[in-house]
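Just so you know, residue 1 is the first one in the sequence shown, and it goes up from there. All values derive from a computational prediction rather than experimental measurement.
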Amino acid sequence: MKRKHDILPVLLTLLGIVLGAAGLWMVRTMGPEWKWGYILIGVGCGLFGHFMGEFLARRAVESDPKAAKELEIQQKDERNVAIGNAAKAKAFDVMLTTFSPLLLILALLEIDLLPLLLLVAAYLFVVFDSIYWLNRYQKEM
């Protein structure tokens, strides 16, 4: 018997296939200069890959309850969570030290103002989000 939450990954996987196919059709009929086709291909591939992987992983552990329980324990293990958080923190530090000089280089290369401002806005969003969560966690702990 199918559970209700099994339907959503299947539908989103099918949506990914439809979006990818529609994007390919648009690129083929409207020409490669029409960029929306490529965007649809990217979104479709992302949806397909993510939800097909989730669907297949759920199917794999569905038949073996012992393996499902072991996987759940591994995912919720405090040591694994701490390792994952430490890896995210290191990646965040690398991102900040990488994007700062990259933004400066792009500004010195005199690229168009709009893409540069979008990158600066995204960078500042990440920094301010980090400050928000840092303050929130300091108040909680």
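- Within 6.0 Å of the CD atom in Glu78, the count of heavy atoms belonging to other residues, nucleotides or ligands does not exceed 12.
- When the side chains of ILVMFWY residues are joined at heavy-atom separations under 4.5 Å, either directly or via intervening members, Trp36 and Leu15 end up in a single hydrophobic cluster.
- When hydrophobic side chains of Ile, Leu, Val, Met, Phe, Trp and Tyr are connected at separations under 4.5 Å, Val81 ends up as a singleton with no cluster partners.
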For a side-chain contact (heavy atoms from CB on, under 4.5 Å) check, start with the C-alpha distance between Leu106 and Leu102, then their side-chain angles and the critical distance, and finish with the verdict. CA-CA 6 Å; Leu106 291 175; Leu102 179 64; 4.3 Å; yes
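- Residue Ile41 shares its hydrophobic cluster (ILVMFWY side chains chained together at separations under 4.5 Å) with Leu24, Val27, Tyr38.
- Hydrophobic clustering places Met95 together with Val127 (ILVMFWY residues linked when any side-chain heavy atoms are closer than 4.5 Å, directly or through intermediates).
- For Trp25, the CH2 atom sits in a loose shell: 12 or fewer heavy atoms of surrounding residues, nucleotides or ligands are nearer than 6.0 Å.
- Taking CG of Leu12 as the reference point, atom CD1 of Ile17 lies at 11.5 Å (rounded to 0.5 Å).
- What you find for Val43 and Leu19 is that their closest heavy atoms are CG1-CD1, 3.9 Å.
- Heavy atoms only, all atoms of each residue included: Glu54 and Pro9 are closest at OE2-CG, 3.7 Å.
- Applying the side chain to side chain contact (heavy atoms under 4.5 Å, CB included) rule to Leu103 yields the partners Leu116, Leu119, Val120, Tyr123; only residues at least two apart in sequence or on another chain are considered.
- Between Ile7 and Val10, every side-chain heavy-atom pair lies at or beyond the 4.5 Å cut-off.
- In the hydrophobic cluster analysis, where Ile, Leu, Val, Met, Phe, Trp and Tyr join through side-chain heavy atoms closer than 4.5 angstrom, Phe99 is grouped apart from Leu104.
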Output side-chain donor-acceptor pairs under 3.5 Å for residues 132-141, partner residues at least two apart or in another chain, one line each.
unit_1 : atom_1 : unit_2 : atom_2 : d
Tyr132 : OH     : Arg136 : NH1    : 3.4
Trp133 : NE1    : Asp129 : OD1    : 3.2
Asn135 : ND2    : Ile131 : O      : 3.4

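- Residues Phe92 and Val126 meet the side-chain proximity criterion, which asks for heavy atoms closer than 4.5 Å.
- Think of Val94 as one node in a network of Ile, Leu, Val, Met, Phe, Trp and Tyr side chains linked at under 4.5 Å; it has no links at all.
- Under the 4.5 angstrom side-chain criterion for Ile, Leu, Val, Met, Phe, Trp and Tyr, the cluster partners of Leu113 are Leu117.
- When all heavy atoms are compared, the tightest approach of Met52 to Thr13 is N-OG1, 3.4 Å.
- Rounding to the nearest 0.5 Å places CG of Leu47 at 10.5 Å from CG of Leu40.
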